[in-house]
Protein chains: 2
Amino acid sequence: MVKRTSFEGDACPIARSLDALGDWWSLLIIREALFGLRRFGEFQNKLGMAKNILATRLRALVDHGILATAPASDGSAYQEYVLTPKGRGTFPILVALRQWSEEFDDRPEEIATILVDREKGRPVKKLEMRAEDGRLLTPAETMVKPRPASRKKSA
Amino acid sequence: MVKRTSFEGDACPIARSLDALGDWWSLLIIREALFGLRRFGEFQNKLGMAKNILATRLRALVDHGILATAPASDGSAYQEYVLTPKGRGTFPILVALRQWSEEFDDRPEEIATILVDREKGRPVKKLEMRAEDGRLLTPAETMVKPRPASRKKSA
DNA sequence: GCAACTTAGTTTCATAATGCAACTATTGGA
DNA sequence: TCCAATAGTTGCATTATGAAACTAAGTTGC
């Protein structure tokens with residue numbers, strides 16, 4: 001092989017998501033976008049990354065439908081990068097990553113921020129996995145099954 | 001710069017988790033480990049990755065305290081790689097990645113598996129974010145705050 | 001209207017990471 | 001003891017990453 005392996009055609013949903021999000025910078029760009037950043041320069045400043053890498057990543061994220069370009073909201077002729085619904089849908093992934101650090105990091109005192117409920121200012125609860133009927137599930141209480149063939153979609 | 005940037009000293013908990021998990025293969029190795037794989041050859045076969053990369057990743061995961069080596073359970077002199085509690089703690093991250101694909105993938109019909117509640121065989125519910133008091137939270141209803149200084153830990 | 005500055009990139013070049021294939025060293029089995 | 005399987009390591013080619021320099025629009029002051 002020669003190029004970095006792509007998981008695009010993989011049947012595993014985790015591999016497929018990593019194909020879009022699994023590099024060092026993409027999730028951090030999305031994190032900043034969720035925080036309200038929109039402009040090339042804002043991302044570059046905040047993340048301190050090389051501009052060529054940023055340009056490449058932004059293009060890839062747009063290609064994946066995670067970001068979309070839009071005319072700048074300040075009336076200038078520049079463009080902005082805004083999250084699509086698919087992009088905003090990564091929020092639980094970021095929360096899961098954050099909570100994993102909070103729980104298992106070797107030097108938790110170096111973690112600068114916590115995620116709180118805006119109304120009360122209290123920490124958000126740990127994400128929990130629940131069954132359809134609401135039962136709390138541990139990993140051992142779950143399993144992976146072949147996806148049932150989906151019904152014909154329309155015509 | 002010269003090396004790929006590390007997020008090890010970063011104060012953001014998301015960056016810190018990506019420092020350990022943010023490459024193309026690590027989360028897939030962990031996925032297989034959660035599934036029960038333990039041996040070098042099992043990972044190599046299942047993931048189809050180059051052996052040198054696998055060796056590098058396994059070492060890194062052990063260094064990060066996500067995997068630990070143990071004598072082989074079949075009595076042979078080989079060793080196994082088993083998940084630590086920190087490693088098993090990544091489960092919600094994998095679930096979040098999976099659910100994101102299920103919800104937003106452009107070709108969902110290519111996804112081969114679904115995660116189900118073992119008891120009922122029914123799909124697991126989407127992860128939800130809740131406040132301490134149980135209120136369901138949207139991203140907009142959360143915010144990031146500076147971490148309060150923690151109390152002295154013992155002596 | 002134009003010089004100076006800002007913004008958003010692209011280009012160039014060096015270095016590191018990735019991937020395949022071939023090789024090695026134990027271990028296990030007959 | 002000999003052979004195969006396991007678990008790697010090494011060598012080499014290609015790609016990705018990163019810093020810095022460069023470029024080309026867009027904007028601003030005058």
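Quick caveat, the model's predicted, so the values are computed rather than measured. Letters A, B, ... are given to chains in the order of the sequence lines, protein chains preceding strands, and every chain is numbered from 1.
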*Map Gly48(A) and Tyr78(A) onto DNA chain D by nearest heavy atom, then report which one ends up closer to the 5' terminus.*
Gly48(A)
*Return the value, rounded to whole Å, for the distance between atom CH2 of Trp24(A) and atom P of dT18(C).*
8 Å
*Do Arg31(B) and Thr90(B) get their side chains close enough for a donor-acceptor pair, meaning under 3.5 Å?*
no
*Indicate whether OP1 or OP2 belonging to dT6(D) is found under 4.0 Å from a side-chain N or O atom of Arg39(B).*
no
*asked:* Less than 6.0 angstrom separating the ring centers of Trp25(B) and Phe43(B), yes or no?
replied: no
*Options dG9(C), dG28(C), dA7(D), nucleotide nearest the side-chain atoms of Phe40(B)*: dA7(D)
*asked:* Counting only side-chain nitrogens and oxygens, does Trp25(A) get under 4.0 Å of the OP1 or OP2 atom of dT17(D)?
replied: no
*Hey, are Arg135(B) and Glu119(A) close enough for a salt bridge, meaning a charged N less than 4.0 Å from a carboxylate O?*
yes
*Looking only at side-chain N and O atoms, does Tyr81(B) come under 4.0 Å of OP1 or OP2 in dG8(D)?*
yes
*For this output row, return yes or no: ring centroids of Phe91(B) and Trp100(A) closer than 6.0 angstrom.*
no
*Using a cut-off of less than 4.0 Å, is there contact between a side-chain N or O of Thr56(A) and OP1 or OP2 of dA16(D)?*
no
*asked:* OP1 or OP2 of dT18(C) versus the side-chain N and O atoms of Arg57(B): is any pair under 4.0 Å?
replied: yes
